[in-house]
Novice: 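Can you read through this structure? Questions will come right after.
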Amino acid sequence: MSNRANVGGWLKGKTVRKSGIISNVHTARSSTPQVQSTSSTLFSGGVKDASGRTTEYFSMDDQCPVCKSDRYLNPKLRLLVSSCYHKMCESCIDRLFTLGPAPCPICQKVLRKLAFTPQTFEDLSSKEFNKRREDFFDLHSYNDYLEEVEDITFNLINDVDIPQTEARILAHRKENSALIELNLQREEQYAQALKEQEELERQEKEQRALELRREQEIEREERETAQREIIDRLETSTKSAAKVIAKSRAEAMKRSSARSTTTTVLRSNAQLLRARAAQSTVVPDPPHVPLQDDWYAYEDLYTIRDQYDDMYSDAVRKDREGIMRAGGYQVEEAWDRALRCAVAGLDLAPLSGLNPSPGRTDSAVAFA
Amino acid sequence: MHTSGQPPKYITIVARKGRTEAYVTYESSTWSETAKTIIDEMIKAINGMAADNAAKAANPQINSSTVKRSLYEGSTQYKSWRYSPEQLEQVRTSLNAAAVAVIRDTFEADELGSSEDVLFLNANEEQLLVKLYITKIPQLCGHFRFPEEVEATAISYLKRFYLKNTVMDWHPKNVMLTALFLATKTTNNPISLESYTSNIPKTSSSDVLDLEFLVSQSLNFEFAVSHAHRALWGIWLDLQSLPDVSEDLRPQDVYDIAIKHVRASRFTDAELIYTPSQIALASLALVSPVLAERWADSKAAQPLSATLDPTLGSIKYIITQMGHPPDVEAVREVDRRLKLCKNPEKVPGSKAYLARQTAEQRRAEEKRNKKAEDVRRAVTESGNPFGSELNEDEKAKQLAELDDDDD
């Protein structure tokens, strides 16, 4: 029970043994060792079967994300998980899916009533293991951390080394309490920022719609005035009718094109904002270099030219259809190889004597 | 430290271990919550940095570009197939002596005193025979229209093979065919075995394939060889980059004669002593010393020709003195004597060959019997190889478990 006290708010649960067939089997197999008492362990939440494996998880903090009723309001609250991994309570499922397949209220995927299964573990990552890529010095240690989280999750689900795993979780919490708190705050901030951004976009959209309406209004008015103008001018001026109409049409065109440029500026601003928001979440990850060798390839001893007067590659270079280069043959590479071969080991003194010292050139020279 | 009434906006922490330092600057608003984390992370980081520095100090080759090894020094040609002339001589004489001792023993085991009047080949005679078969390779390659790469590689293989084996064990006639066939494959010019053997008179596919593994093994499976003809091509191309070499200074026939010298060098031991680029340069120097000198000088800050001269001189000497096929009459005499002193264990039909074969068969038979016995014992001792039958209780239990899963 002392462990219980440490648990804090997020893992208070109880153990309920299933009755019926399972318990019969359980008595029949009583010779096999079992995890008998799980009440003292940290992860006691949920219904466990005879082998001590959690078949259904629940805690006091459960709340249905759809109808928001929690265990305080409804002590018999039972959350089930859909095939799209969204939780909801049994009454919501009854309400939504009794009349046949219906869309998931969260992700809109079409679901059936029978496709709901009990929850078998709690979502650890959201609360405790919420470290981010930025909290690590390199990708490697981040990957180690993810691996550890996976290990712990696996152990919890399959009841492997429960006490040890719990110790690991406790240690993690102790070590990183500040960071966990910070990350929780960060997530909240991020969610807040997202919400704000959405709000901003919505406002922008409204603004744009309003503007559009106003513009249409203005346009219509302009068109009317233009027509009126044309008629006025036709009445008053002495010029030919066709000329007058063409002139006022051109003016109208100019005005409308000026308007369209202002709207595109507005739109591109919004796009820029969105792109910047996307950029800020990208973690820099430099490309992996598979081979890092230290060979000296005589780069300073030759420079390859674009063209050579070369009888060997004449045919290849004149081959316009590229049939001879079909396998990816590049005459420049052949030239490069030949040039490298021409300077490779040029200053290497030959060995002499019966037991020349193996290895470097200078020592061989000294021997000679 | 801040002196004004406002709290500082940023806090910088310095951690130090020996000469290694780490700095972290943090916004002061997040300081109180994250202080412990930051310090922990910094301790970790500084430990890592100190370890890195220690590793660098211990092994300065890492990350320093000055002590790079050149590509040629990484090749197997440099590592395993580079000899001094004295070493070559010693390898060949000791190989010959060892082979003669073994074959003499075989003769004696066969019939006491039969080896007394046998005149075994010495190292030079072996070398002569190999050289004759080396000269056959260009003829065969011309017949098959193989590229020069194949020809040069096959010749290298043949030379290298007889640095590990003796002519008295393996006749170069067969080894030459195998080496050439192997070279077509390793240089990416493959040809089918049928078309290969059907174009060479009195050759069956087993003549080629039987020795293939032995040859590969003798070559240490080091098939990559770089050749002087490619180096000569490179020099010829690079001459066009020299400003002081005009078109009329390098007529095509200079190259044609130089490549003939390169081909002549293949009949010699030059490639086992010198690098391909040196052989190519020496071949060019034989035709046009001016071109060779200018090119060599352009490759180094100080005139390279001075340091290279003795090397080039000895290559030139080797090419001009030994770069020709051997006298056929002398080789014929060697070949006649070889028939008498061949290792009898390798001659099909001879007494020693049969004795060796029966011994090998006996050994294989023993091995097979032992394996069969092992298998039999394993089966009888453990009963059913698929495990014992399930008894009724266990069956019921397993069925119950299956039920359990369904619920």
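Numbered from 1 within each chain, the chains take letters A, B, ... in sequence-line order.
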Novice: Crowded around B:Asn188 CG? As in, over 12 foreign heavy atoms under 6.0 Å?
Specialist: no
Novice: Determine whether more than 12 heavy atoms belonging to other residues, nucleotides or ligands lie under 6.0 Å from atom NZ of B:Lys260.
Specialist: no
Novice: Side chain of B:Gln240, backbone of A:Asp309: donor and acceptor closer than 3.5 Å?
Specialist: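 At least one qualifying donor-acceptor pair exists.
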Novice: Chain A heavy atoms under 4.5 Å from B:Leu232: which part of the residue, side chain, backbone, both or neither?
Specialist: neither
Novice: Using modelled atom types and a 3.5 Å cut-off, is there a donor and acceptor pairing between side-chain atoms of B:Gln278 and backbone atoms of A:Leu348?
Specialist: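 Indeed, once roles are kept as given, a pair shorter than 3.5 Å links the two residues.
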Novice: So which part of B:His227 gets closer than 4.5 Å to some heavy atom of chain A, the side chain, the backbone, both or neither?
Specialist: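 Backbone only.
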Novice: Of all the heavy-atom pairs spanning A:Leu354 and B:Gln87, show the shortest one and how long it is.
Specialist: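 Of all heavy-atom pairs spanning A:Leu354 and B:Gln87, the closest is O-CG, 3.3 Å.
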Novice: Grab the two heavy atoms, one from B:Ser84 and one from A:Gly353, that are nearest each other, plus how far apart they are.
Specialist: OG-O, 2.5 Å
Novice: Grab the two heavy atoms, one from A:Ala342 and one from B:Ala231, that are nearest each other, plus how far apart they are.
Specialist: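 Scanning both residues completely, I find the closest heavy atoms to be CB-O, 3.4 Å.
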Novice: Does atom OH (B:Tyr317) have a neighbourhood of more than 12 heavy atoms from anything else shown, all under 6.0 Å?
Specialist: no
Novice: Quick check for you: to the nearest 0.5 Å, what is the distance between A:Leu346 atom CG and B:Tyr72 atom OH?
Specialist: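 The CG atom of A:Leu346 sits 11.5 Å away from the OH atom of B:Tyr72.
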Novice: Quick one: CZ on B:Arg69 to CH2 on A:Trp295, what's the gap to the nearest 0.5 Å?
Specialist: 4.0 Å
Novice: Using a 6.0 Å cut-off, check whether atom OH of A:Tyr329 has over 12 heavy atoms from anything other than its own residue.
Specialist: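 Yes, the 6.0 Å shell around OH holds more than 12 heavy atoms from other groups.
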Novice: Quick check: does any side chain N or O of B:Thr275 sit under 3.5 Å from a backbone N or O of A:Gly345, one acting as donor and the other as acceptor?
Specialist: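 Present.
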Novice: How close do B:Leu237 and A:Tyr308 get, counting heavy atoms only, and between which atoms?
Specialist: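 Scanning both residues completely, I find the closest heavy atoms to be O-CE2, 3.1 Å.
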Novice: Given a strict heavy-atom distance threshold of 4.5 Å, which part of B:Glu89 is in contact with chain A: side chain, backbone, both, or neither?
Specialist: neither
Novice: If we define contacts as heavy-atom pairs under 4.5 Å, which of B:Trp233, B:Trp236, B:Tyr83 has the most with chain A?
Specialist: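 Answer, by heavy-atom pair count under 4.5 Å with chain A: B:Trp233.
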Novice: By a 4.5 Å heavy-atom criterion (distance strictly below it), what part of A:Ser177 contacts chain B: side chain, backbone, both, or neither?
Specialist: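 Neither the backbone nor the side chain of A:Ser177 comes within 4.5 Å of chain B.
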Novice: Step by step, would you call A:Tyr302 with B:Lys299 a side chain to side chain contact (heavy atoms under 4.5 Å, CB included)?
Specialist: CA-CA 8 Å; A:Tyr302 67 94; B:Lys299 291 296 139 201; 4.2 Å; yes
Novice: Could you have a look at B:Ser314, B:Ser226, B:Pro276, B:Ser241 and say which one has the most heavy-atom pairs with chain A under 4.5 angstrom?
Specialist: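 Among the listed options, the one with the most contacts to chain A is B:Ser241.
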Novice: Could you tell me whether the side chain of A:Asp347 reaches within less than 4.5 Å of the side chain of B:Leu308, counting heavy atoms only?
Specialist: no
Novice: Report which part of B:Thr311 has an atom under 4.5 Å of a heavy atom belonging to chain A: side chain, backbone, both, or neither.
Specialist: side chain
Novice: Is any side-chain heavy atom of B:Tyr255 less than 4.5 Å from a side-chain heavy atom of A:Met311?
Specialist: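 Counting from C-beta outward, B:Tyr255 and A:Met311 do come under 4.5 Å.
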Novice: When rounded to the nearest 0.5 angstrom, what distance separates CZ in B:Arg230 from CZ in A:Arg340?
Specialist: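 With rounding to 0.5 Å, CZ (B:Arg230) is 10.5 Å from CZ (A:Arg340).
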Novice: Answer with side chain, backbone, both or neither: which region of A:Tyr298 has an atom nearer than 4.5 Å to a non-hydrogen atom of chain B?
Specialist: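 For A:Tyr298, side-chain heavy atoms alone lie under 4.5 Å from chain B.
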Novice: Identify the two heavy atoms, one from B:Leu71 and one from A:Ala297, that lie closest to each other, and give their separation to 0.1 Å.
Specialist: CD1-CB, 3.6 Å
